Amino acid sequence: QVQLVESGGDVVQPGGSLRLSCEASGFAFRFFDVHWHRQAPGKQRELVASIASGGATNYADSVKGRFTISRDNSKSTVYLQMNSLKLEDTAVYYCGITDYWGQGTQVTVSS
């Protein structure tokens with residue numbers, strides 16, 4: 001059974017940093033691309049970053065230079081390092097693999 005569990009969400013001030021984690025189980029993690037999405041209140045879910053099985057990364061323009069996605073195949077875990085956080089980064093962050101999604105973790109950027 002595929003499971004994705006996100007963690008690391010919190011309340012931070014603008015300019016702060018957070019690291020989100022997504023731990024996967026139930027499948028051969030190392031062979032799959034993984035993506036982080038986010039959904040703010042009243043908005044559609046949007047792609048934030050993705051990392052291919054081979055390690056290639058892709059970012060939304062809004063987070064380039066501030067967020068870094070990485071993976072540790074030995075731990076079946078993907079990370080999203082978020083620096084220089086802005087108010088508009090406030091959202092529930094979800095990790096996904098193919099059609100599977102985690103439950104999400106709340107990130108709130110507030111002064």
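These values consider heavy atoms only, across backbone and side chains, with no hydrogens, waters or symmetry-generated copies. Everything numeric in this text was worked out from a predicted model, so none of it was measured.
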State whether the number of non-hydrogen atoms from other residues, nucleotides or ligands found under 6.0 Å of Gln44 atom CD is greater than 12.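 Count not over threshold, so no.
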Counting distance only, does the side-chain N/O of Ser62 pair as donor-acceptor with the main-chain N or O of Ala60 below 3.5 Å?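 No; zero donor-acceptor contacts below 3.5 Å.
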Okay, side chain of Thr90, backbone of Val109: is any donor-acceptor separation there less than 3.5 Å?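 It does hold such a pair.
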How long is the straight-line distance from CD1 of Ile51 back to NE2 of His35, given to the nearest 0.5 Å?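 With rounding to 0.5 Å, NE2 (His35) is 12.5 Å from CD1 (Ile51).
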Mind checking the CZ-CD spacing from Arg38 to Glu46? Nearest 0.5 Å is all I need.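 Reported value, rounded in 0.5 Å steps: 4.5 Å.
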Who else is in the cluster with Trp101 when I, L, V, M, F, W and Y are joined by side-chain contacts under 4.5 Å?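 Val92, Tyr94, all in the cluster of Trp101.
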Do [X] and [Y] come close enough that some side-chain heavy atom pair is under 4.5 Å?
X	Y	value
Leu80	Val78	no
Gln81	Ile69	no
Trp36	Glu6	yes
Ser7	Thr105	no

Side chain to side chain donor-acceptor pair (under 3.5 Å) pairs, two or more places apart, involving residues 64-74: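 For residues 64-74, and leaving out neighbouring residues, the side chain to side chain donor-acceptor pair (under 3.5 Å) pairs sorted by first residue read Asp61-Lys64, Arg66-Asp89, Arg71-Asn73, Asp72-Ser74.
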Starting from Leu85, can I reach Tyr79 by hopping between I/L/V/M/F/W/Y residues whose side chains sit under 4.5 Å apart?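 Per the 4.5 Å side-chain linkage, Tyr79 and Leu85 are not co-clustered.
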Hydrophobic cluster identity match, Met82 and Leu47, side-chain contacts under 4.5 Å: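 In one cluster: no.
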Could you pull out every donor-acceptor pair under 3.5 Å between side chains of residues 12-33 and any protein atom, sequence neighbours left out?
{"residue": "Ser17", "atom": "OG", "partner": "Asn83", "partner atom": "OD1", "Å": "3.0"}
{"residue": "Asp33", "atom": "OD1", "partner": "Ser53", "partner atom": "N", "Å": "2.9"}

Minimum heavy-atom distance Gln106-Ala91, with the two atoms named: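 Scanning both residues completely, I find the closest heavy atoms to be NE2-O, 3.4 Å.
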One pair to check against side-chain contact (heavy atoms from CB on, under 4.5 Å): Tyr59 and Val48. What are the steps and the verdict? CA-CA 6 Å; Tyr59 298 93; Val48 175; over 6 Å; no
